[in-house]
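Structure first, commentary second.
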Amino acid sequence: DRFWTCAYRLYYALKEEKVFLGGGAVEFLCLSCLQILAEQSLKKENHACSGWLHNTSSWLASSLAIYRPTVLKFLANGWQKYLSTLLYNTAHYSSEFEASTYIQHHLQNATDSGSPSSYILNEYSKLNSRILNSDISNKLEQIPRVYDVVTPKIEAWRRALDLVLLVLQTDSEIITGHGHTQINSQELTGFLFL
């Protein structure tokens, strides 16, 4: 099974001619981008909060602007929970709290660096090829770099995002009482960065 799994992944990586950095690097970048989007949305909301009813034509559009920072914050919290659970399950950390603290430390370093993508690439190029890995530099052997095939990962993210948007749309329909309102993709540009 391992051989055929490796052969399958190699075949599709060669077929697509592109790969993602593996070992949690892309997920960490998504988490840092979500946090940046949440902070930017919160700043925009604070500036436009006083007259939001007068500036928008529909309740749904004004609600989207109000709840965007909250939704982005919870999406980022979900990513962080996913990554901390992943780290905990790899037995590198004794608790999810310890793994979450480790991720938060790296997020702070990425934010302080000014460029999260540069920080991630720099960390990835170090001895350990996984951005979300405990300090294993005391081991003598070189750890091979890890890469992920693009299409399956994007499809998994897209399905997860579709589920989140379905839940949000259902909540909106329940709260407003309006039947089957479709959220316009132009209104969701902050969410559709995949």
Side-chain angles (χ1 to χ4, degrees), residues 1-38 40-41 68 71-72 74-93 99-100 102-103 106-107 109-111 113-137 139 141-169 182-194:
D1 275 351
R2 282 185 172 177
F3 170 77
W4 288 113
T5 301
C6 288
Y8 171 81
R9 291 182 75 186
L10 181 61
Y11 170 76
Y12 281 102
L14 292 173
K15 183 178 176 183
E16 291 180 12
E17 297 181 358
K18 54 188 170 186
V19 292
F20 281 142
L21 296 177
V26 175
E27 288 83 356
F28 184 77
L29 182 61
C30 288
L31 176 57
S32 63
C33 287
L34 278 172
Q35 285 192 329
I36 290 170
L37 285 172
Q40 289 173 349
S41 293
R68 179 178 304 232
V71 170
L72 287 169
F74 282 110
L75 282 172
N77 288 347
W79 269 110
Q80 183 164 354
K81 176 77 172 154
Y82 166 75
L83 288 174
S84 62
T85 302
L86 185 69
L87 284 177
Y88 173 66
N89 288 341
T90 59
H92 287 290
Y93 296 92
S100 181
Y102 181 79
I103 292 168
H106 273 292
L107 281 172
N109 289 346
T111 303
S113 74
S115 174
S117 57
S118 296
Y119 175 80
I120 291 167
L121 287 173
N122 185 32
E123 288 294 312
Y124 190 83
S125 66
K126 290 182 179 177
L127 175 64
N128 51 346
S129 65
R130 293 181 283 180
I131 185 76
L132 297 175
N133 194 3
S134 60
D135 186 25
I136 55 171
S137 59
K139 294 184 179 180
E141 69 272 1
Q142 178 72 22
I143 297 173
R145 292 187 184 263
V146 178
Y147 296 98
D148 293 327
V149 182
V150 173
T151 301
K153 189 164 269 204
I154 288 179
E155 278 305 309
W157 292 343
R158 189 167 285 140
R159 288 179 187 162
L161 187 60
D162 285 344
L163 179 62
V164 168
L165 292 176
L166 179 66
V167 169
L168 290 174
Q169 184 174 352
Q182 211 41 348
I183 297 177
N184 188 345
S185 64
Q186 292 175 344
E187 296 171 345
L188 297 172
T189 55
F191 296 118
L192 299 178
F193 59 89
L194 294 176

Step by step, work out the side chain to side chain contact (heavy atoms under 4.5 Å, CB included) result for L161 and R158.
-> CA-CA 5 Å; L161 187 60; R158 189 167 285 140; 5.7 Å; no

Taking distance alone, no hydrogens or angles, what donor-acceptor pairs closer than 3.5 Å link side-chain atoms of residues 1-15 to residues at least two apart or in another chain?
{"from": "T5", "atom 1": "OG1", "to": "D1", "atom 2": "O", "distance (Å)": "2.8"}
{"from": "R9", "atom 1": "NH2", "to": "Y147", "atom 2": "O", "distance (Å)": "3.3"}
{"from": "R9", "atom 1": "NH2", "to": "D148", "atom 2": "OD1", "distance (Å)": "3.2"}

In this structure, CG of L168 is separated from CG of L75 (nearest 0.5 Å) by 7.5 Å

Going from CD on Q80 to OG1 on T85, what distance comes out if it is rounded to the nearest 0.5 angstrom?
-> 10.0 Å

Atom pair CH2 (W79) and OG (S84), whose distance is rounded to the nearest 0.5 Å | 12.5 Å

Heavy-atom count around Y88 OH within 6.0 Å, excluding the residue itself: above 12?
-> no

Within-4.5 Å side-chain heavy-atom neighbours: W157 and E27 | yes

Judged by atom type as modelled, is there a donor-acceptor pair below 3.5 Å linking the side chain of S32 to the main-chain atoms of L29?
-> yes

With the side chain counted from C-beta on, respond yes when Y82 and L31 share a heavy-atom pair under 4.5 Å apart, and no when they do not.
-> no

When rounded to the nearest 0.5 angstrom, what distance separates CZ in F74 from NZ in K81?
-> 14.0 Å

For S113, the side-chain contact (heavy atoms from CB on, under 4.5 Å) test, sequence neighbours excluded, returns Y119

Where V150 and K18 come nearest, the two heavy atoms and their spacing | CG2-O, 3.6 Å

To the nearest 0.5 Å, how far apart are CD1 in I103 and CG in L83?
-> 4.5 Å

